[in-house]
Amino acid sequence: MRASQLFFPTLREVPAEAEMISHKLLLRAGFIRRVGAGIYDYLPLGYKVLKKIEKIAREEMDAQGGQELLMPAIVPAELYQETGRWGLDVLFRLKDRNDRDYSIGFTHEEVVTDIVRRDVRSYRELPLNLYQIQTKGRDEPRPRGGVVRGREFIMLDSYTFDRNWEDLDRAYDKMYVAFSRTFARCGLDTLVVEADSGAIGGKDSQEYMVIADSGEDMILVCGSCGYAANSEKCEIGERPIKKSEEELQSLELVDTPGARTIEQVTSFLKKSPKKLVKTLIYKAGDEVVAALVRGDREINEPKLMRALGVKNIEMADADTIEKLTGAEVGFAGPVGLNGARIIADREVEAMMNFVVGANKTDAHYINANIGRDLEISEYADLRVASKGDACPKCNRDLGVERGMEVGHIFKLGDIYSEGMDAKFLDDDGREKPFLMGCYGMGVSRMLAAIPEVNSDKDGMIWPVSVAPFEVVVILLNSDDDAQCSAAIRLYEELQQAGVDVLLDERDERPGVKFKDADLIGCPIQVVAGRLAGEGKVEVRTRTEKDKQEVDIDNATSRVLELRSGLYSILSDRAAMVSSIGKVD
RNA sequence: CGGGGCGUAGCGCAGCUUGGUUAGCGCGCCAGUUUUGGGAACUGGAGGCCGAGAGUUCAAAUCUCUCCGCCCCGACCA
């Protein structure tokens, strides 16, 4: 490709819309443009990267027995209604001229399950692994980071169907390998973390995280045993309760006018939030629950649900709270609380002389103590794990990282197949629901994740496997015959050798070409400049700016050598991650 | 949905508090000349419904109201 023919509108200034590094660079380098909130054009360079990512993903999926298909982007309402997901508010809904309901597909469990239930009857047709790469639509409450969280995005979603759990485990492990290798080949270091399976439901679930400060997810990582989990999921190891040595002080009712939040109470009473106990009132079906966590902690609702043994909970409404506590919202506490099941985070057990709501508007108790002023019959792990908490595996301290989720794999089991009556006949003559797995990879998000962790002040630095071009040949002065013929010769030789190469022969000053080349981030740069008169060009990599002067005759082979070196680093990494196997 | 901010040329911004002639600056764009190893210099140009609507006023980019859009924080997030 010749740069004079290529549409890549680069910007010198940073558009005001961007906050994240990758977002700024993708805009500046002319890879993407915003069309609406969370909706983007992929311009030629960005689209090229996307296609390269997709190609790698397809190779790895196919290698593990996946079969690509393409399901509709528009999904009739009935399918989502079958599993009760039609009500989700992330759905983009639309109607046809006859007033029938549809939505833009946001994930395709129902659609693929429908395919399989219609045409797969026997265990002999299993296992089955179907995947697609498709544009999804989700009406995200808050799109951000450009293509990191868009309302329209490209995803690879794969679904496996098996006859039993052992086979599902095998299918899952294959997808684990396919995903790990895909990320490695795209030059992304990922950390696999235990995850909550969320609204989709299911059993095991892991996420592939790219560690980045700008990541949206909090991850807890154990430095000693390697356990890693999303904060939504992370369990907290049990440590012996250490009551402090302080003396019991007497319970006291104090006025705290208007102080409803932890912040207000702490600043009013001049006490650390660690001396407070938050009382959160939930409704679990007909039962009202008071969940207690230390003032500076956050409740983890999935954990609360598990501890209570229920499928669903919701924060109680103001009416319920007032009826229960006899006070306005913001003053609930466990002292003298009747009519609610009280459950506390384990950490609360060690607390003494703490502050709680008094179940009286504008009042709190100080110096409350368990046993004397209130009884707690149930303790459980209820809070969101944070830095310094005990690792659930080895009990050492957990550390915290931020991560960008680029992949998520689940063992769904029979949730969808049972719900949609998708069954096959097993060899024992019995009809059984398929055991399913689902696996999602954020392809368009990777377009951002890669430069998010690979850039410098001059621009992006693409891994050779997904770079918009593997090599850019910069012709500095197109009026100079020697430079011109050197550049064109190398461009043609590299093309002949199968290299994806860009020739920058634009009528621009050298500075512009250097800046654009760095911004776009092709891993190998060849410069045809002054030295062309002496039969030499410069060859250098995007990362190490030190140039090598090479005879024109040898330049192509030098570039090929560099290129294959870059590829072998990536394939070594891929080999490594696939041999490590599954983290459990 | 709650809190905050922003909408003025393709991009980045000033002007708005205190209304007043022709709405400005930098970058980019077009033409010409000179330049040519890290976003050139000079000269000359093109380009605006000041987000939309309503109101106040002799007069609105500027004041008031309504709406729309976008960004950030939070809530939410397969």
Side-chain angles (χ1 to χ4, degrees), chain A residues 9-20 23-24 27-30 33-39 80 83 85 88-91 105-110 136-146 148-151 153 155-159 195-202 205-207 214 216-218 230-232 261 263 298 301-302 315 404-410 412 415-416 437-442 445 457-459 474-480 483 504 506-519 525 527-533 537-538 540 545 547 549:
Chain A
T10 55
L11 302 172
R12 192 192 292 211
E13 287 181 272
V14 186
E17 69 189 75
E19 197 82 358
M20 282 172 70
H23 191 192
K24 290 177 183 171
L27 286 166
R28 281 192 57 210
R33 283 293 182 265
R34 194 181 65 80
V35 179
I39 304 175
Y80 287 134
T83 55
R85 293 209 290 181
L88 295 182
D89 53 13
V90 293
L91 264 62
F106 75 110
T107 176
H108 282 66
E109 283 78 9
E110 287 85 349
K136 306 283 189 215
R138 287 185 198 174
D139 192 0
E140 288 286 349
R142 186 146 94 79
R144 70 186 96 174
V148 169
R149 178 171 292 273
R151 294 194 297 168
F153 59 97
M155 172 165 140
L156 178 152
D157 47 324
S158 168
Y159 306 89
D196 192 68
S197 47
I200 275 194
S205 165
Q206 291 170 300
E207 288 171 335
S214 54
E216 300 177 280
D217 295 280
M218 239 232 295
N230 194 311
S231 67
E232 294 162 19
T261 65
E263 229 171 65
E298 261 184 277
E301 294 188 0
M315 285 293 261
M404 276 174 96
E405 179 187 349
V406 290
H408 197 161
I409 59 181
F410 296 81
L412 290 174
I415 300 174
Y416 287 87
C438 79
Y439 316 87
M441 184 185 295
R445 182 177 283 182
K457 64 176 180 19
D458 296 314
I474 303 172
L475 168 55
L476 283 190
N477 185 351
S478 45
D479 293 334
D480 181 312
Q483 294 185 27
D504 193 350
R506 289 175 301 167
D507 183 21
E508 289 287 354
R509 297 176 60 84
V512 174
K513 299 187 192 186
F514 285 129
K515 290 287 183 191
D516 277 346
D518 287 349
L519 183 58
Q525 302 179 345
V527 181
R530 280 191 189 123
L531 297 169
V537 292
E538 289 155 30
R540 60 185 173 187
K545 290 274 172 57
K547 50 198 177 190
E549 295 175 6

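Fair warning: this is a prediction, and the values are worked out from it, not measured in the lab.
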[N] pairs with, by Watson-Crick or G-U criteria that keep both distances under 3.5 Å:
| N | answer |
| --- | --- |
| B:A75 | none |
| B:C70 | B:G5 |
| B:A40 | B:U34 |
| B:C25 | B:G12 |
| B:C49 | none |
| B:C58 | B:G20 |

Quiz item: If each of A:A528 and A:A37 is mapped to the nucleotide of RNA chain B with the nearest heavy atom, which maps nearer the 5' terminus, i.e. the 5' end?
Solution: A:A528
Quiz item: Closer to the 5' end of RNA chain B via nearest nucleotide, is it A:A532 or A:R138?
Solution: A:A532
Just jot down the salt bridge (Lys or Arg N to Asp or Glu O under 4.0 Å) partners of [X], sequence neighbours excluded, or say none.
| X | result |
| --- | --- |
| A:K136 | A:D157 |
| A:E140 | A:R149 |
| A:D516 | A:R506 |
| A:E17 | A:R34 |

Quiz item: Heavy atoms, side chains only, cut-off 4.5 Å: are A:E538 and A:I474 in contact?
Solution: no
Exercise. Answer yes or no: is there a side-chain heavy-atom contact under 4.5 Å between A:V527 and A:L476?
Key: yes
Partners of [X] by side chain to side chain contact (heavy atoms under 4.5 Å, CB included), sequence neighbours excluded?
| X | answer |
| --- | --- |
| A:M20 | A:S22, A:H23, A:V148, A:S214, A:M404, A:E452 |
| A:E232 | A:D196, A:D217, A:N230 |
| A:R12 | none |
| A:T83 | A:R85, A:E110, A:Y416, A:M420 |

Practice problem: Return the set of residues passing side-chain hydrogen bond (donor to acceptor under 3.5 Å, both in side chains) with A:Y80 (not counting sequence neighbours), or none when no residue passes. | Solution: none
Across the strands shown, which category fits [X] at heavy-atom distances under 4.0 angstrom: base, sugar-phosphate, nothing?
| X | answer |
| --- | --- |
| A:F153 | base |
| A:L531 | base |
| A:E538 | base |
| A:G440 | nothing |
| A:V14 | sugar-phosphate |
| A:P15 | sugar-phosphate |
| A:D479 | base |

Between [atom2] on [N] and [atom1] on [X], what's the gap in Å once rounded to a whole number?
| X | N | atom1 | atom2 | value |
| --- | --- | --- | --- | --- |
| A:F106 | B:C76 | CZ | P | 18 Å |
| A:E17 | B:G69 | CD | P | 17 Å |
| A:E301 | B:C77 | CD | C1' | 13 Å |
| A:H23 | B:C70 | NE2 | P | 13 Å |
| A:R149 | B:A75 | CZ | C1' | 13 Å |
| A:D458 | B:G38 | CG | P | 13 Å |
| A:M218 | B:C76 | CE | C1' | 16 Å |
| A:Q525 | B:G37 | CD | P | 17 Å |

Identify all pairs in which a protein N or O lies below 3.5 Å from an N or O of nucleotides 23-26 of chain B, and state each distance.
| residue | atom | partner | partner atom | Å |
| --- | --- | --- | --- | --- |
| B:G26 | N2 | A:E13 | OE1 | 2.5 |

Protein-nucleotides 3-9 of chain B N/O pairs closer than 3.5 Å?
none

Roughly how far apart, to the nearest Å, are [N] and [M] at atom [atom1]?
| N | M | atom1 | value |
| --- | --- | --- | --- |
| B:A60 | B:U18 | C1' | 14 Å |
| B:A75 | B:C29 | P | 44 Å |
| B:G39 | B:G28 | C1' | 11 Å |
| B:C25 | B:G37 | C1' | 31 Å |
| B:C49 | B:A23 | P | 13 Å |
| B:A9 | B:A61 | P | 14 Å |
| B:U57 | B:G69 | P | 31 Å |

Practice problem: For each nucleotide in nucleotides 39-44 of chain B, reading 5' to 3', give B when a protein heavy atom comes within less than 4.0 Å of its base, S when such contact involves only the sugar-phosphate, and - otherwise. | Solution: BB----
Exercise. Answer yes or no: side-chain N or O of A:R34 and base N or O of B:C70 forming a donor-acceptor pair under 3.5 Å.
Key: no
Quiz item: Counting just side-chain N and O atoms, does A:R142 come under 4.0 Å of either OP1 or OP2 of B:A75?
Solution: no
Quiz item: Looking at B:C72, B:U36, B:G37, which one has an atom nearest to any side-chain atom of A:N477?
Solution: B:U36
Self-check item: Side-chain donor/acceptor of A:R138 to backbone N/O of A:F106, under 3.5 Å
Solution: yes
Self-check item: Under 3.5 Å: donor-acceptor pair, side chain of A:R445, backbone of A:E405
Solution: yes
Quiz prompt | Nearest-0.5 Å distance that lies between atom CE in A:M441 and atom CD1 in A:I409 | solution = 10.0 Å
